[in-house]
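Okay, structure first, notes after.
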Amino acid sequence: MEHGTGVDLWFGGPGTLAEERHCLDGDRHGYERWWNSDNRTIWLEGHFWHGEEHGIFREWSARGRLRRGYPRYFVAGQQVDRRRYERARRVDPSLPPPLANENAPLRPLPAMPQLPREGEE
């Protein structure tokens, strides 16, 4: 993170990613994901644009199924139905496409910095 811009990674324990938050100038900007302890799946995901909900939000059950009412669609902080979301996407390239395979919770880990080991500088 540099001057509020970058990726904020929170770990639940050694080597276990808990939260991933992309930021721009101190605001959430891009994806925010909350990870399960397996480092392979997420249980919550949302997309932001300059601090506002702007994109697709998903939440999964412990069994890896989308919770009732998800995915949810947002444009400039306002929840909309999928039809209005698709219309907005035609003129706003910052809105991510609703890809069917992303309704499953499997995600690749973000690039993580190599931290020095104990005793190294």
Side-chain angles (χ1 to χ4, degrees):
M1 187 71 68
E2 193 170 313
H3 302 289
T5 297
V7 181
D8 186 19
L9 302 174
W10 287 78
F11 292 85
T16 304
L17 185 60
E19 298 174 29
E20 167 191 359
R21 188 170 295 110
H22 297 254
C23 300
L24 179 67
D25 296 326
D27 289 327
R28 291 182 288 183
H29 188 78
Y31 285 100
E32 178 173 303
R33 294 181 175 120
W34 293 52
W35 288 80
N36 291 313
S37 59
D38 62 7
N39 274 353
R40 297 180 59 237
T41 59
I42 56 176
W43 64 271
L44 183 111
E45 173 179 69
H47 191 269
F48 295 84
W49 189 260
H50 297 287
E52 286 190 312
E53 296 166 317
H54 190 70
I56 304 168
F57 283 68
R58 296 177 178 93
E59 188 173 326
W60 291 268
S61 69
R63 298 176 80 179
R65 296 191 180 152
L66 278 175
R67 290 197 182 277
R68 185 177 306 232
Y70 287 90
R72 293 180 182 166
Y73 304 93
F74 289 83
V75 176
Q78 299 294 314
Q79 187 171 354
V80 298
D81 62 24
R82 183 171 175 159
R83 191 181 76 231
R84 286 182 58 197
Y85 183 82
E86 289 288 6
R87 270 196 313 248
R89 275 194 65 245
R90 289 185 205 131
V91 296
D92 185 348
S94 69
L95 290 165
L99 303 174
N101 68 326
E102 290 187 353
N103 285 334
L106 187 63
R107 297 288 185 276
L109 280 172
M112 291 189 249
Q114 290 294 328
L115 300 175
R117 296 178 199 199
E118 204 169 308
E120 293 180 354
E121 301 224 9

What is the minimum heavy-atom distance between [X] and [Y], and which atoms define it?
| X | Y | value |
| --- | --- | --- |
| Gly4 | Cys23 | O-CB, 3.5 Å |
| Pro105 | Gly64 | CD-O, 3.7 Å |
| Ala88 | Val75 | CB-CG2, 3.9 Å |
| Gly55 | Leu95 | N-CD2, 3.9 Å |
| Pro98 | Arg58 | CA-NH2, 4.5 Å |

Kindly indicate whether the side chain of [X], heavy atoms from C-beta on, has any atom under 4.5 Å from the side chain of [Y].
| X | Y | result |
| --- | --- | --- |
| Thr16 | Phe11 | no |
| Pro71 | Arg82 | no |
| Pro96 | Tyr31 | yes |
| Arg90 | Arg87 | yes |

query: For His29, which residues count as a ring pair (Phe, Tyr, Trp, His ring centres under 6.0 Å) partner, sequence neighbours excluded?
result: Trp49, His50

Going from [atom1] on [X] to [atom2] on [Y], what distance comes out if it is rounded to the nearest 0.5 angstrom?
| X | Y | atom1 | atom2 | answer |
| --- | --- | --- | --- | --- |
| Gln78 | Glu52 | CD | CD | 8.0 Å |
| Arg68 | Glu59 | CZ | CD | 13.5 Å |
| Gln79 | Asp81 | CD | CG | 9.5 Å |
| Trp35 | Thr41 | CH2 | OG1 | 8.0 Å |

field: Salt bridge Arg83-Glu86, side-chain N to carboxylate O under 4.0 Å
entry: no

Between [X] and [Y], is there a shared hydrophobic cluster once you connect ILVMFWY residues whose side-chain heavy atoms come closer than 4.5 Å?
| X | Y | value |
| --- | --- | --- |
| Tyr70 | Ile42 | yes |
| Leu24 | Met1 | no |
| Val80 | Ile56 | yes |

Flag, side chain of [X] to backbone of [Y], donor-acceptor distance under 3.5 Å:
| X | Y | result |
| --- | --- | --- |
| Asn39 | Leu17 | yes |
| Arg107 | Glu102 | yes |
| Thr5 | Asp25 | yes |

- prompt: If you look only at pairs with a residue in residues 3-22, which of them pass as a salt bridge (Lys or Arg N to Asp or Glu O under 4.0 Å), with sequence neighbours excluded?
  reply: Asp8-Arg21, Glu19-Arg21, Glu20-Arg33, Arg21-Glu32

message: Is it the case that the ring center of His54 lies less than 6.0 angstrom away from the ring center of Phe48?
response: no

field: Sole candidate of Asn103, Leu44, Leu66 that passes side chain to side chain contact (heavy atoms under 4.5 Å, CB included) when paired with Trp60
entry: Leu66

- request: Could you name each residue pair satisfying ring pair (Phe, Tyr, Trp, His ring centres under 6.0 Å) that touches residues 74-105, not counting sequence neighbours?
  value: Phe57-Phe74, Tyr73-Tyr85

